[in-house]
Every structure is written in structure tokens, then in C-alpha cells.
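Structure record follows, encoded as C-alpha cells.
Here is the naming used below: chain letters follow the sequence lines, and residue numbers restart at 1 for every chain. The figures here come from the full heavy-atom set of this structure, side chains too, leaving out hydrogens, waters and symmetry mates.
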Number of protein chains: 2
Amino acid sequence: MKHIAESTVRRLSLYLRFLEELEGQGRETISSEVLADSGGTTSAQVRKDLSFFGSFGKRGLGYSVTALAKRLREILGLGQPWQVVIIGAGKIGAALAQYRGFRARGFHVVGIFDSDPAKVGRTLDGVTVSDLAQLERELKQLKPQIAVLTVPADVAQELVQRLTKAGVRGILNFAPATLHAPDGVTVRSVNMALELEILSYALAHER
Amino acid sequence: MKHIAESTVRRLSLYLRFLEELEGQGRETISSEVLADSGGTTSAQVRKDLSFFGSFGKRGLGYSVTALAKRLREILGLGQPWQVVIIGAGKIGAALAQYRGFRARGFHVVGIFDSDPAKVGRTLDGVTVSDLAQLERELKQLKPQIAVLTVPADVAQELVQRLTKAGVRGILNFAPATLHAPDGVTVRSVNMALELEILSYALAHER
DNA sequence: CTCTGTGAACATCTTCACAGCT
DNA sequence: AGCTGTGAAGATGTTCACAGAG
């Protein structure tokens, strides 16, 4: 398969979110025009995005809401559930552990780890916080494909190594650090302070 | 000034983070090559990014760490502090209110609002949660330039209207919704579930 | 001789515009 | 007639490669 741009994948997720809303409303078909508005883009962009994966629409009619939603779930890899572990049970880690949006999308939090003895043993949304020292041992059982990193920046890279060695293939990083991972392991970083700085730039440069 | 790509602004933030680390270490100059490694990019990209704003380096030598850091702070609009209000004192709102990285960068949380009576009156990191019904009245005093939205998706757009009317010019949105704002108001969205879905796509399509 | 600054070449992403199904 | 699917054109972002300052 040809390489697909991240911006395309991001839009596919937005389309899916909107399609699921429409499914709930019992709507049967939708045009690229309406789908475009929901994601803040253009109808041509919608059609181009979808065309990379096949022809799902009917000319003169539009797309079947349920069929397209199903197809998008497959494309995005949401057909099967993913096992997720959260590393770091601080404020953000705890908030994510209890975030309903994850489970709703098929991301199951199966483990939470922290090195702080005061946090180990607590339960967050039905999952007990384990000692980070037991990470390798527990991952053998849990076999998560994805890890969410909410630890201080200075230990983040070290944890990428440990997680990778334990078989994790995707990491969502919230630490303000540039991380390196071996081939075959995908790392995405979300950096709240950086998002505010981009906003700051925009405000400072308004004419 | 010519329009600057978001990807460029994002990299400038990363360069600044690394430069501040170097400042702490007492290092005086740095080459585009080393700066590139820190942000996961190339030396040509670094020089191009900086060239949009002027010539800050010395050929044969590199860039002065302190001078470049100072210049980047100005460019990013971090010269003066920003007043920030957080709308929504749930898990994520509370976590952000207490996040050290914001204050360190000159983003001051001056107000937190929630509509839940159980949360109003609580204190988070020295700021008392106010009733959302009092938003307009309190914003007249606080005069924040930036708002962080951590509310349910179905009320997010309505709050964009209220905040915009009250003079807020930048919104960082954590609700899973596509928001529309009038000209002159910048909205950025961070969507955790969507980031996991992009990861899911990458894992599902590994060869 | 080193390392910046920058046009030019290249690659990638978006928009246009229209042929062709339904 | 309506709306998709898609090459081609256009816009935007990145890399190359080298002249030239220190």
C-alpha cells in the first residue's frame, strides 16, 4: 500500500466520529460535501482521502453511512481491541486511565505503573497501579501493543527502551522530550505546553 | 510578515526547549547540526526555519545560545506572560491547572470555571473554581487572552461563543468536537482518542 | 576551513475541474 | 441531474548544494 499522510489519517478519524453520530440518528447516506463540513475541510479532500483505500460511494447518491463507518474502522485498525498500559499514575496518567473516550474506541487500559510507593496499590477505574519495577514481569502477561507515557522527561527515553524490549509497538508520549525508538515502533508525542506556545505565536503575530 | 507554517513554529518551540537546557549547562554556541538532532530534524531545516525571521548565526561558528533563545522567546510571543483561564474542572482540567510546565513558560492560570456545584469553591493550585454562570462577570476582571476548554463536546461550541464575546483570542480545546470561531480568534484542538487512533492506524498497517 | 543563509530542485499535500456512473 | 472518483494543476513544505562570511 502507498504511504498515507498523517493529515489524511487524522481526517479519516474525524469522518468516522461524525459518521457514528449519524448512525445513531439513523441517517442512511451522506455526501462528501456534508462530511467535509463536519471535519472542517472540502468535499474534494474527502473524496481524495477515501479514494486511497477504494471506491465506497455511489455516484449521484453519496456514501452509505454504516458501510463507510465500518470500512473506516477497518482502515484505522479499530476492528479489534487494543491493549494499553499507562506508565505514570500522576495527574495526567490518572485522568487518562479514567477517560471514557478510550474504551469507547476499543482501547482497553489493562495496566498502570508508577515508581512511587504511595501510588502503587491504588485502583483507578478498576485497574490497580503496579510497581514500575515489576514492568517487565507484568507485561509478559498483559502483552499490550500500546503504551501511554506520562512520566517526567528525564526517564522517558529509558522507558521507551524497556517498553520496546517488552514488545510494545506503539507509544503515545506526554513527556516533553524528543524520543527515539527502533524501527517497527511508532512514537507519537503530545505536548501541552507546546500547543500553548503555538497559540502564543498566533496571538503575538495577529495583524 | 510572510505566513509561517505551523510545522515551523512547532520546531521553533522544540529548539527553544533545547536551548534553555544548554543555557543551564553554560554552553555558549551551538551549530544547526546539533540543534537539528535535538528536534529530530536536519540542519538545513533548522537554518531555513530561522532564516524566516532573520540571520542570527555566525558563519563558521554557529549560534549564540543565549541570543538565539532570547530571540525565539520574542518570536513565539513568550516575552510577556499570558493570562489563561481553564473551563472545566474535571480530571483533565484539574491536571492542567496544576501542570508546572505552563507557569514555567509564562502561562498563568488566573481562573478556573465549572458548572458542577460540587466543584465550585474548591481550590486547585491556589486558584478557586468559579461558577460557570459567573463567567462573563469574572472575565471582565481577569481579562485572559487564552482559554483552555476541557468540557463535554456538546457544550464546547457554545463556550467558544461566550469566551470570544468576552475577549478571549486563543482557545486550546480538549473536547472531541470540531469548533468554529470568528476571524481573529485562534482555536487549536488536542484530541487524545484521535492520537491513539493514528497510532492504531500505524500499527495496523506495518508491513 | 567551518558553518551559515538561501535560491533552486524536489517532494508532498491540496484544490480544481470534469469525465463518467447511477 | 447529482455526486463520485481522479488525473492535472497549483500551493506548500523540505532537502540540496553551494556561495560567501568569519
Side-chain angles (χ1 to χ4, degrees), chain A residues 1-15 18-19 22 27-72 75 178 198 201-202 205, chain B residues 1-15 18-19 22 27-72 75 178 198 201-202 205:
Chain A
M1 152 101 50
K2 189 183 169 302
H3 177 258
I4 301 296
E6 183 190 310
S7 49
T8 296
V9 178
R10 171 167 258 113
R11 283 190 300 268
L12 293 179
S13 285
L14 291 174
Y15 304 154
F18 188 58
L19 285 168
L22 294 174
R27 172 137 185 188
E28 298 204 344
T29 61
I30 180 127
S31 68
S32 58
E33 186 70 40
V34 177
L35 207 43
D37 290 344
S38 79
T41 182
T42 66
S43 62
Q45 182 76 78
V46 171
R47 296 197 298 275
K48 185 63 100 180
D49 287 342
L50 297 177
S51 77
F52 294 131
F53 301 93
S55 314
F56 312 129
K58 281 206 166 46
R59 294 171 193 228
L61 236 175
Y63 302 86
S64 151
V65 170
T66 53
L68 184 56
K70 179 157 179 265
R71 200 67 190 82
L72 284 180
I75 290 169
T178 303
I198 298 174
Y201 175 87
H205 290 256
Chain B
M1 153 101 49
K2 190 183 167 300
H3 178 257
I4 300 296
E6 182 189 313
S7 49
T8 296
V9 178
R10 172 167 255 112
R11 283 190 299 267
L12 293 180
S13 285
L14 292 174
Y15 303 156
F18 189 58
L19 286 167
L22 294 174
R27 172 137 185 186
E28 298 202 345
T29 61
I30 181 129
S31 69
S32 57
E33 186 68 41
V34 177
L35 209 41
D37 290 344
S38 80
T41 180
T42 66
S43 62
Q45 182 77 76
V46 170
R47 295 197 300 274
K48 184 65 99 180
D49 287 341
L50 297 177
S51 76
F52 294 132
F53 301 93
S55 313
F56 313 129
K58 281 204 168 47
R59 295 174 190 226
L61 234 175
Y63 302 85
S64 151
V65 170
T66 54
L68 185 56
K70 181 159 177 261
R71 199 70 191 80
L72 284 179
I75 290 169
T178 304
I198 298 175
Y201 175 86
H205 289 257

Approximate separation, where rounding is to 0.5 Å, of [X] [atom1] and [Y] [atom2]:
X: F56(B); Y: R47(B); atom1: CZ; atom2: CZ; result: 15.0 Å
X: R27(A); Y: F18(A); atom1: CZ; atom2: CZ; result: 7.5 Å
X: R71(B); Y: L12(B); atom1: CZ; atom2: CG; result: 11.0 Å
X: T8(A); Y: F53(A); atom1: OG1; atom2: CZ; result: 7.5 Å
X: R11(B); Y: L50(B); atom1: CZ; atom2: CG; result: 10.0 Å
X: T66(A); Y: I30(A); atom1: OG1; atom2: CD1; result: 12.0 Å

Give me the residues of residues 29-37 of chain B where at least one heavy atom lies under 4.0 Å from an atom of DNA chain D, by number, or none.
->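 The answer is none.
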Can you find a heavy atom in the side chain of [X] that is under 4.5 Å from one in the side chain of [Y]?
X: R10(B); Y: Y201(A); value: no
X: T178(A); Y: D37(B); value: no
X: Y63(A); Y: L19(A); value: no
X: T41(B); Y: D49(B); value: no
X: L68(A); Y: Y15(A); value: no

Range on DNA chain C touched by chain A, heavy atoms, distance below 4.0 Å = dC13(C) to dT22(C)
Interatomic distance, F53(A) CZ vs dT4(D) P [rounded to whole Å] |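 Result: 18 Å.
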Give the residues of [range] touching DNA chain C, defined as any heavy atom closer than 4.0 Å, sorted by residue number.
range: residues 43-50 of chain B; result: R47(B), K48(B)
range: residues 57-72 of chain B; result: G57(B), K58(B), R59(B), G60(B), L61(B), G62(B), Y63(B)
range: residues 2-15 of chain A; result: A5(A), S7(A), R11(A)

Using modelled atom types only, decide if a donor and an acceptor are shared between the side chain of H205(B) and the backbone of I75(A) within a distance under 3.5 Å.
->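 Side chain of H205(B) to backbone of I75(A): a pair is present.
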Of the non-hydrogen atoms in A36(A) and S43(A), which two are nearest, and what is the gap between them?
->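 That closest heavy-atom pairing would be CB-N, 3.5 Å.
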Going by the side-chain contact (heavy atoms from CB on, under 4.5 Å) test, name the single residue among V65(B), L61(B), L22(B) that passes it with T29(B).
-> L61(B)
All side-chain contact (heavy atoms from CB on, under 4.5 Å) counterparts of S51(B), not counting sequence neighbours |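 Listed in chain order: K48(B).
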